[in-house]
Protein chains: 2
Amino acid sequence: MATIIQKHGRATVRDVARAAGVSLATVDRVLNGRKGVRQSTIDKVEKAVADLNYTRDVSASLLARATSARIHFVLPAGANPFMHHLEAAVARQADIAAQARLAIEMSTVPALNAEALVEEIDRLADEKCDCAVIVATDDDAVRRAVARAQTKGMPTITLVSDLPQSKRRAFVGIDNEAAGRTAAALMGRFCPPHSQIGLIVGSLDLRDHRDRFVGFSEIMLDEFPGIEIIGPAEGFDDARETAKRANELLNDNPRLAGIYSVGAGNEGLLATLRQRISPGRIRVLVHELTDASREGLAAGYIDAVLNQNVDREAERAIALAQILAVHPTAELDRRPVEIGIYLRDNVI
Amino acid sequence: MATIIQKHGRATVRDVARAAGVSLATVDRVLNGRKGVRQSTIDKVEKAVADLNYTRDVSASLLARATSARIHFVLPAGANPFMHHLEAAVARQADIAAQARLAIEMSTVPALNAEALVEEIDRLADEKCDCAVIVATDDDAVRRAVARAQTKGMPTITLVSDLPQSKRRAFVGIDNEAAGRTAAALMGRFCPPHSQIGLIVGSLDLRDHRDRFVGFSEIMLDEFPGIEIIGPAEGFDDARETAKRANELLNDNPRLAGIYSVGAGNEGLLATLRQRISPGRIRVLVHELTDASREGLAAGYIDAVLNQNVDREAERAIALAQILAVHPTAELDRRPVEIGIYLRDNVI
DNA sequence: TTCGTTTTGAGGTACGTAACTCAAAAAGGG
DNA sequence: CCCTTTTTGAGTTACGTACCTCAAAACGAA
């Protein structure tokens, strides 16, 4: 009845050396990819590893590893609450990562400023940082900087906002088109078959916002053809501007059934809603769990929140960066981060 | 601009000993709770620990720890697909846990059989297992067995299905009333204000199903008073029975707008839907991502799935068990596991 | 004071890997 | 065959903690 899944008596490098008929030093050379070992010997060792089902003891490995890998996060400065959450998440994960001999550093550059980001990437590549994790601004100068860094031996990972067609080694974030499609699937079911839904984005120049809009439109046209999409209006991820856009939506469309807020600035949206309507009159869908969106959920002004879990993202970015720092040519897991859906009663 | 969040040069036990003006052995005694140290000395050491911000190096600690803690999972045998997923998740996490010097064992007992579960708990307690993790059957004999085990020094954690009013040290699972409330919030928005929603549970004798039903009813009556709840009918977590209940619901209520399937057996529900209606005609909400529910989502027969992440649950249970194994009187994190909501485009 | 008890110190070994040196052995080229 | 280069072996040190022993010191009570 009882099955022991794993017990602690695992094979060690000594066992591998004995099984392969070589010395400890040779096993070490093979395992850590040092040169000066004949291919036939490498094969012998790898066979022994496979036969004994040897896996590196992570605790011992970390303990013995003298130097910490340097992983550097570059985040947009003084941006919206979401970015502050992301920053906090990186700091939290940094504490955990320190146990794994990873030195996590963080710096900020002005938001939406490609030049500043480029400068920072170049600086990091020069001072032999092991891996950069950036919230990318979609700009060709940034693409070139990423390529330069890769040449100099520093791989780059994009976080939250991707940089397609670039030399970045991985993207950690949600699939924003899928997020838009999911938003449409919810809103389409929330609203009457013949109604109007207003869209507010931060800016259509932002890749993630554009992707969400594309996904949303696709499903709406396909599955809820009776529903009319109003907009998108641009709120520039700013509370005041977003409040204005929401006011305009309500003024111009008295029979509006829903609002999908694609970007940030939800404090402003919420303020307008509180001022203009009673909770539940129109269906409201926003992105990211923040103080404002939690409050909106609790008060009934917001029906659902699509969220990317920043802790999971920071953790994932660090895990991938660690792999790259140790094994620069490794194949990385390409799965996007999960899109969380929160209503009032399942917020965390 | 750049901020180093953590670097690797941390304080060690030697630093603590020096700062406290005591020997290494004394620091060791204090840190590991061994007896024979004067309170005034304990205070000195703890002050030094605080001053130096000392934290145990987990890698070294694990490496030095000779023995593995034994953590034993007891799951219901041959049950539904969800339980098989849970089993697989435990096995996956066991591999990871082995790195942390944890020996994860697993056994199965007949489902819904309190006597067999009691026997297994007693057996584990006698053979000095460090912690048991059980999917509880709600029965007083089980409560007594858990209490006996606790007396013998083996703490118990409940998984997925709780055992309230017992000596279990923690529960790892979702808040099922909150899940029911969330289901109602979705269904209430999905369906017209005056319509009928059919409920199918496994059994009202199952605590989690009853809790979900209670939460669902609460929100429905409160926020969607025009919607009528039909049932609940009992499908006994069985595909055939659940198919029959779904058929009956469709026969008896030609204007049914939605079905909320609270328990398992969704293969049966899906079969009936495929046979009787076209995708999207009625809104369908089920629990747990399984082959059947994924298929239903993809085909458009299921609108949304409420899910508990079994990997997260297994991981959490192991983490809590580890704390209990090392520090039996520790206070444990009481937060429930997150309730995931999945539509077609955000499944993982 | 003296005895017994409690508390503390000093020192050791072990865990499994990383990273290094130096010498010895094997391979390869002419 | 010798000579050079490459490959391998043997051994050491280090990482930070856990756990152990034995002796020395401090303490408390009579």
Side-chain angles (χ1 to χ4, degrees), chain A residues 7-46 48-49 52-69 98-103 322 325-327, chain B residues 7-46 48-49 52-69 98-103 322 325-327:
Chain A
K7 54 175 186 172
H8 170 35
R10 305 170 30 232
T12 73
V13 277
R14 276 164 229 287
D15 300 321
V16 173
R18 197 166 342 107
V22 299
S23 70
L24 273 179
T26 300
V27 173
D28 179 67
R29 288 180 184 110
V30 174
L31 290 180
N32 294 293
R34 297 184 233 288
K35 58 183 180 180
V37 186
R38 225 186 334 237
Q39 186 57 47
S40 60
T41 310
I42 294 180
D43 293 342
K44 276 197 295 184
V45 172
E46 286 181 341
V49 166
L52 296 175
N53 195 23
Y54 167 83
T55 53
R56 202 188 293 259
D57 184 309
V58 178
S59 295
S61 174
L62 290 173
L63 184 59
R65 200 182 304 277
T67 65
S68 292
Q99 291 288 350
R101 298 293 188 280
L102 296 174
Q322 180 177 23
V326 176
H327 200 329
Chain B
K7 54 175 186 173
H8 170 38
R10 312 181 11 240
T12 73
V13 278
R14 275 162 230 286
D15 301 320
V16 173
R18 196 167 341 108
V22 299
S23 69
L24 274 179
T26 299
V27 172
D28 178 67
R29 290 181 183 108
V30 173
L31 289 180
N32 294 292
R34 298 186 233 286
K35 60 186 178 179
V37 187
R38 231 189 326 245
Q39 186 59 47
S40 59
T41 310
I42 294 179
D43 294 341
K44 275 198 296 186
V45 173
E46 286 181 340
V49 166
L52 295 175
N53 194 23
Y54 167 82
T55 53
R56 200 189 295 258
D57 183 310
V58 177
S59 294
S61 175
L62 288 173
L63 184 59
R65 204 181 299 279
T67 65
S68 292
Q99 291 288 353
R101 299 292 189 281
L102 295 174
Q322 179 177 24
V326 176
H327 200 328

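Note on naming: letters A, B, ... go to the chains in the order of the sequence lines (proteins, then strands), and numbering restarts at 1 for each one.
With hydrogens and angles ignored, no donor-acceptor pair under 3.5 angstrom links the side chain of B:Arg10 to the base of D:dG16.
Put simply, A:Arg65 has no side-chain N or O that comes within less than 4.0 Å of OP1 or OP2 on C:dT17. Phosphate proximity of C:dG9 to B:Thr26: present, with a side-chain N or O under 4.0 Å from OP1 or OP2. For the OP1/OP2 pair of C:dA18 and a distance below 4.0 Å, the side-chain nitrogens and oxygens of A:Ser61 include at least one atom meeting the criterion.
Spacing between atom CG of A:Leu63 and atom P of D:dT17 amounts to 9 Å, rounded to whole angstrom units. Counting to the nearest Å, the C1' atom of C:dA27 and the CZ atom of A:Arg38 are 7 Å from each other. Remark: C1' of C:dG11 and CG of B:Leu24 are 10 Å apart, rounded to the nearest angstrom. Residue A:Asp15 contributes atom CG, which lies 14 Å from atom C1' of C:dC15 at whole-angstrom precision. Going from atom NZ of A:Lys44 over to atom P of C:dA26 covers 12 Å, rounded to whole Å. Here the C1' atom of nucleotide D:dT7 and the CG atom of A:Asp28 are 15 Å apart, to the nearest Å. The CZ atom of B:Arg18 sits 16 Å away from the C1' atom of C:dG9 (whole-angstrom rounding). Atom P of nucleotide C:dC20 and atom CG of A:Asn32 are separated by 11 Å, given to the nearest angstrom.
Distance from the side chain of A:Ala64 is smallest to D:dA14 among D:dA14, C:dC15, C:dT7. Distances from the side chain of B:Ser23 to the nucleotides C:dG9, D:dT8, D:dG16 place C:dG9 closest. For A:Arg34, whose side chain is taken as the heavy atoms from C-beta onward, the closest listed nucleotide among C:dA19, D:dT17, D:dC15 is C:dA19.
Mapping A:Val13 and A:Ala25 onto DNA chain C by nearest heavy atom places A:Val13 at the nucleotide closer to the 5' end. When the nearest nucleotides of DNA chain C are assigned to A:Arg29 and A:Leu62 by heavy-atom distance, the more 5′-ward of the two goes with A:Leu62. Sequence order on DNA chain D of the closest nucleotides to A:Lys35 and B:Arg56 puts A:Lys35 first from the 5' end.
The backbone N or O of B:Thr55 sits less than 3.5 Å from a side-chain atom of B:Arg10, completing a donor-acceptor pair. Proximity of a side-chain donor or acceptor of B:Asn32 to a complementary backbone N or O of B:Asp28 within less than 3.5 Å is detected.
Between A:Arg38 and A:Asp43, none of the side-chain N atoms (NZ, or NE/NH1/NH2) sits under 4.0 Å from a carboxylate O, so this pair counts as no salt bridge.
A:Arg34 CZ: more than 12 foreign heavy atoms inside a 6.0 Å radius.
Minimum heavy-atom separation, A:Tyr54 to A:Val13: OH-CG1, 3.5 Å.
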